[in-house]
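Each ligand, and each atom within it, is numbered from 1 in the order the structure gives. Fair warning: this is a prediction, and the values are worked out from it, not measured in the lab. Keep in mind that the numbers below use all heavy atoms, side chains included, and drop hydrogens, waters and symmetry copies.
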Amino acid sequence: YAALHLSPRPVVIISPESLGEGASSAWAQGGIAAAMDTADSAQSHAADTVKAGDGTVDPKIADLVTQEARAHILNLTALGTPFDRTENGDYVMSREAAHSFARVVRVKGDQAGSEIMASLIERVRETPSIQVLEATMALDLEVSDGRVIGVAIESANGQRSAPVMLRGSAVLLAGGGSGGLYALTTNPPRIRGQVIGLAARAGAEIVDAEFVQFHPTAMDVGEDPAPLATEALRGEGAILTNDQGERFMQAIHPDAELAPRDIVARAIFAQSQAGRRPMLDTRDVLGEAVKTQFPAVAEACARNGIDPALEPIPVAAAAHYHMGGIATDAEGRASLGNLWVCGEAASTGLHGANRLASNGLLEALVFARICSVGIAAAVPATSAALIKIAFEDGGTPSDPEAIAELRQVMTANVGVVRDAAGLESALRKIAALEAANKSSVSFLNMTATATLITASALAREESRGAHCRSDFPDTLPGDTRRSRLTLNDAIIIRTKICEATR
Ligand code: SIN
């Protein structure tokens, strides 16, 4: 989206897989939150965003993003996204948790992410100023005098490759989050905090790292990643029960299944911990219609031998979205010069401690455009020759066993409910894994982000939004600070913990 806005300025896109594959955006089921109904308003959307974020949303950013939402939906429509429409031609709106209005625009039920990506990718492919380097992965940023001047990339097609440095006049990290650092996640397999990690290793400031959102209804069917059962199902009236047939959300929150996502995720987690299998029951409200109205959910059910018209879907809370990330200002600029960030890797201040459903794609769109405006103003409009890369043998790929261990540590100790002992143990294990895998830069990007999440979670001695400390269960009144750390700060915390137990 940013590259299209920058056209005809030459842009190179680095993408580990075929463009759009392996990207969380393409997996988004819910849609995009936007006040499209005349009875709704951007102010109401902003107020819901601030409320869900539990005290740490930047209200100016919430106003900015929600006011721009409508224009981006119209722009995506013009670019070819086939949003669902009513007979009158209005956008069909879904209801999701903690929204005071049905304001999530959707495509073919649960296909919003893949359809939006398909229309953008089609435009990108026909734009001559954009070169897409597929099967390449960003590893490192080159920094000179506090300004980013290059990106080191490696081959992402499985071959060992020595890094190649690409130099350009501006760098935009339009990257994913950190869900895949957890053993139980809804994120595509390659999304493991590498983008945040590479910026942190270059010295960029990271904000709100402890705020990781867990989705309450990942399907508990033994797949990695876990398929999502969209919150829009609960918006339609689907209920949560356990294997004893108990509907447990009504006793926990007046909005029951549509309580804020962090509350539902903790309730699901508590059920799982107690050995009572939590399940999402769509039978009464949707029956057979679930198969046509929610094709991605139906397909995942079919793959796993579940007929959602006849039986409830087993679910678990899984790492889904990182509210924290690379600190950016209202223009999408990071703390390093010449570096812009948008998408989940950024932390703009929109989401606070708990992202409101379907605000993720919206923020990505709004800040992609804002970043493109800033980049266009900062760099000369020149032309550029196509880049040709022949990777040479070299480099050290990440060890799959080390990744698996890191993911287990994060789920066990830095998950839905945390405490000091677990977080300290995680920091020691992350340090040990990092020491044993020093030569793999891609792994260092993962341990950098894991260290930042864990150190920030240890430093925040309260519970707020998605960050729940069993040893500090209260929310500190009036303490609405956002946590800001560089990787060096986080490593100091980690080293102290490691030395204390020697
Ligand atoms: C969902 O469809 O439940 C996920 C939407 C989101 O995470 O914004």
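- In this pair, Phe211 and His467 present their aromatic rings perpendicular. The plane angle is above 60°, beyond the 30 to 60° band.
- Just one of Leu280, Leu286, Val290 meets the side chain to side chain contact (heavy atoms under 4.5 Å, CB included) condition when paired with Pro308; it is Val290.
- In this structure, Ala232 does not count as a contact residue of ligand 1, since none of its heavy atoms falls inside 4.0 Å of the ligand.
- Taking CG of Leu258 as the start and CD of Glu96 as the end, the distance is 9.0 Å to the nearest 0.5 Å.
- Taking the ring centre of Phe214 as origin, the terminal cationic atom of Arg261 falls outside the region bounded by 6.0 Å and 45° from the ring axis.
- Looking only at heavy atoms of the protein, atom 8 (O) of ligand 1 is closest to Ser358 N, 2.6 Å.
- Each of the following atoms of ligand 1 lies closer than 4.0 Å to a heavy atom of Ala357: 8 (O).
- Residue Lys291 places its NZ atom among more than 12 non-hydrogen atoms of other residues, nucleotides or ligands, all under 6.0 Å distant.
- Where the criterion is an N or O separation shorter than 3.5 Å, residue side chain and backbone included, Glu96 fails it with respect to ligand 1.
- Checking only distances, Gly30 does come within under 3.5 Å of ligand 1, N or O to N or O.
- A cation-pi arrangement is absent between Arg407 and Tyr182, since the terminal nitrogen or guanidinium carbon is not both under 6.0 Å from the aromatic centre and inside a 45° cone about the axis.
- Looking only at heavy atoms of the protein, atom 5 (C) of ligand 1 is closest to Arg261 NH2, 3.5 Å.
- For ligand 1, none of its N or O atoms has an N or O atom of Asn359 under 3.5 Å away.
- Interface of Glu231 with ligand 1, defined as ligand atoms under 4.0 Å from a residue heavy atom, comprises 1 (C), 2 (O), 3 (O).
- Rounding to the nearest 0.5 Å gives a distance of 11.5 Å between CG of Leu485 and CD1 of Ile453.
- Residue Gln213 has no nitrogen or oxygen atom sitting less than 3.5 Å from a nitrogen or oxygen atom of ligand 1, judged on distance alone.
- Below 3.5 Å of separation, one finds an N or O of His215 facing an N or O of ligand 1.
- The nearest protein atom to atom 2 (O) of ligand 1, hydrogens excluded, is given as Thr230 OG1, 2.6 Å; this is a heavy-atom distance.
- Counting non-hydrogen atoms of other residues, nucleotides and ligands closer than 6.0 Å to CD of Glu299 gives a total of 12 or fewer.
- In summary, the atoms of ligand 1 found under 4.0 Å from a heavy atom of His320, numbered by their order in the structure, are 4 (C), 6 (C), 7 (O).
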